[in-house]
J.: 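Here's a structure for you.
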Amino acid sequence: MSPNDMNFDDYDEKNFPRDEVTDFDRVVETALSRRGFLGGVMTFGLGSFLLGTSAMTAKAEGSKDRFGFSAIPASSEDTIHVPEGFEWETVISWGDPLWSDAPEFDEATRGTAATQARTFGDNNDGMSIFTRGGRTVFAINNEYTNTDILWGNRPEGKPANEDDIRKGMNAHGLSVFEVAQQNGKWTVVKDSDLNRRVTADTDMDLTGPAAGSDLLKTAADPTGTTSKGTWNNCGNGETPWGTYLACEENFNGYFSASDKEMEIPAEFTRYGIGVDDWGYGWAEVDERFDIAKNPNEANRAGYVVEIDPYDPTATPKKRTALGRFKHENAEVVVAANGKIVVYMGDDERGEFLYRFVSTGTYSAGGDNSALLDEGTLYAAKFNDDLSGEWLALTPEATGMTAAEIAVHTRIAASAVGATTMDRPEWVASNPAKTEVYVALTNNKNRGISGNAGGDEAPVDGPNPRENNVYGQIARWVPAEEDHTADAFTWDLFALAGNPEVGEGLNKGSENINSGNMFNSPDGLSFDDNGLLWIQTDGNYSNAEAFAGMGNNQMLAGDTTTGEIRRFLTGPNECEITGICWAPDRRTMFVGVQHPGERGNSHYPAGGTSVPRSGVVAVRRTDGAVIG
Ligand code: FEO
Ligand code: CA
Ligand code: CA
Ligand code: CA
């Protein structure tokens with residue numbers, strides 16, 4: 001099987017099978033306590049506990065429609081649909097030139113290493129818009145490539161030469177470029193002095209507690225303070241001081257070993273680093289990716305990378321204080337006391353939810369460049385009684401050094417007994433209220449097997465379903481409305497499900513119905529109106545458990561009433577991920593990732609064209625504000 005046939009988690013699992021949960025007593029005990037939990041709180045029937053009392057009260061009293069659109073039906077068509085009164089168009093697609101010396105996308109060759117370095121990267125994911133001095137700049141992650149598409153001009157979708165592999169390396173990273181409106185259409189400003197491609201070869205600095213430690217030293221960098229390249233950048237974040245955060249997710253799949261008999265240390269196994277890569281072939285052209293020769297190189301990936309979108313010469317910084325794991329996004333909040341809080345998910349079955357709290361405080365217009373280098377990392381513990389706490393990952397609590405905590409973060413979080421989660425994807429903080437949401441996308445191992453570190457993943461409060469194929473959105477309220485407080489209370493905003501064919505909890509929560517059902521929530525973001533936008537990366541078969549859900553989609557949720565409406569449906573075999581708004585809020589930008597990942601899409605050009613990831617602009621036909 002190639003990585004094209006499996007998702008990242010399945011591929012990891014094939015290489016490192018997880019232990020099955022066998023502690024029968026514990027399973028029974030958990031089931032009993034869960035019954036107590038549900039029985040005690042579910043006063044209004046299925047779903048009420050999920051929404052919480054305040055939400056249900058608001059719904060009962062009725063409230064004004066905050067959506068500004070009518071819901072659309074599910075779709076299995078190879079295009080994008082938006083509600084009546086809205087229109088969409090493509091802004092940029094994989095392989096579009098950022099400089100005028102680069103050619104337009106070549107359908108026959110799908111580009112070369114050289115052209116890919118001057119064009120928009122592949123599989124765009126998280127993105128942000130920055131504006132300064134009347135100029136508007138996009139920073140967009142280019143997460144990964146689908147080998148069958150990138151190398152679709154080669155036999156079996158495999159690289160034919162070194163240039164093919166380097167094309168793949170250049171398709172990763174991120175794309176930074178200026179845009180401007182021309183005749184009402186958002187257009188790339190080619191040759192802008194702000195345009196930049198960051199790839200697997202871009203020089204970076206390593207900062208924070210792990211910088212300079214032995215864990216990060218390599219033959220190429222005996223100081224352990226620099227690093228080359230970033231890849232598999234999934235979700236994103238923005239700081240109040242105007243920088244972009246690119247989050248390294250499945251960084252492990254790019255390393256392999258020339259010595260197939262090499263003994264893999266437990267620290268590598270925990271992260272899915274092994275002797276085989278996922279088909280990218282990078283070690284064939286660069287020994288950095290050969291863990292038999294450069295084992296510490298793998299410790300130099302898996303971080304949050306801070307990038308200045310206004311200075312293409314600035315060296316990106318890997319902020320080790322924010323921990324090393326399969327980072328989804330980085331939701332940055334300025335707490336009431338001025339400290340910077342960053343909420344982060346680790347997207348793997350049975351891994352954890354994290355929080356970073358800075359030591360220093362934010363100063364508007366001041367020097368904030370070191371705020372993400374010093375602070376405390378925490379992992380979340382959720383209790384079945386709807387309480388929870390942040391467990392500090394300190395040397396005292398974990399028995400690890402500060403550098404070890406920053407590099408082997410998963411092991412530190414296991415040591416303090418954090419709650420194993422159903423694949424935490426994006427975290428979104430409500431700008432109008434001190435509350436935070438996280439998409440827990442799915443977990444077929446819930447109640448069956450634990451994580452790669454041996455932590456069990458029993459059915460519990462925020463992860464209430466065995467073999468969770470639909471996912472849920474949890475939320476928490478920090479104690480005393482203080483994001484730096486260690487205590488919180490939580491509930492579930494939505495339990496995705498199928499009310500038509502599901503049984504019990506698989507029907508979903510009360511706010512899920514046949515008109516809005518979806519699976520595998522992933523991207524989450526609030527707009528300035530306080531609506532929560534939900535993007536999905538799930539099963540698009542539209543059959544059996546997923547019948548009626550159609551292609552991946554984007555919905556909006558009113559977090560006060562709990563109502564959820566479908567806003568956009570994507571083309572075949574895509575994921576909808578990445579969202580941001582134009583400065584005047586009259587355009588919403590949405591990412592379309594990996595259309596045709598199994599060979600059944602010709603989005604966006606149609607006909608027999610190569611499917612290409614891209615960003616679309618969505619506007620109201622009356623030009624009014626959207627979001
Ligand atoms: Fe790249 Fe967890 O999504
Ligand atoms: Ca994602
Ligand atoms: Ca996902
Ligand atoms: Ca993705």
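Every number for a ligand or one of its atoms is a count from 1 in the order of the listing.
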J.: If we ignore angles and hydrogens, is there a donor and acceptor under 3.5 Å between the side chains of H172 and Y280?
T.: no

J.: Could you grab the angle centred on the Ca ion (ligand 2), going from OE1 in E425 to OE2 in E328, to 10°?
T.: 70°

J.: Give a yes/no answer: is there an N/O/S atom of D537 under 3.0 Å from the Ca ion (ligand 3)?
T.: yes

J.: With a cut-off of 3.0 Å, does D347 put an N/O/S atom close enough to the Ca ion (ligand 3)?
T.: no

J.: Does the shortest distance from the Ca ion (ligand 4) to an N/O/S atom of D522 fall below 3.0 Å?
T.: no

J.: If we count only N and O atoms by modelled type, under 3.5 Å, do the side chains of N467 and R446 hold a donor and an acceptor together?
T.: no

J.: Taking 3.0 Å as the cut-off, does an N/O/S atom of Q593 lie below it from the Ca ion (ligand 4)?
T.: yes

J.: Kindly state whether the ring of F130 and the ring of F138 have centres lying under 6.0 angstrom apart.
T.: no

J.: Just give me the atom name: the N, O or S atom of E575 closest to the Ca ion (ligand 4).
T.: OE1

J.: Look at K326 together with D346 and state whether they make a salt bridge at an N to O cut-off of under 4.0 Å.
T.: no

J.: For the ring pair W533 and F526, is the centre-to-centre distance below 6.0 Å?
T.: no

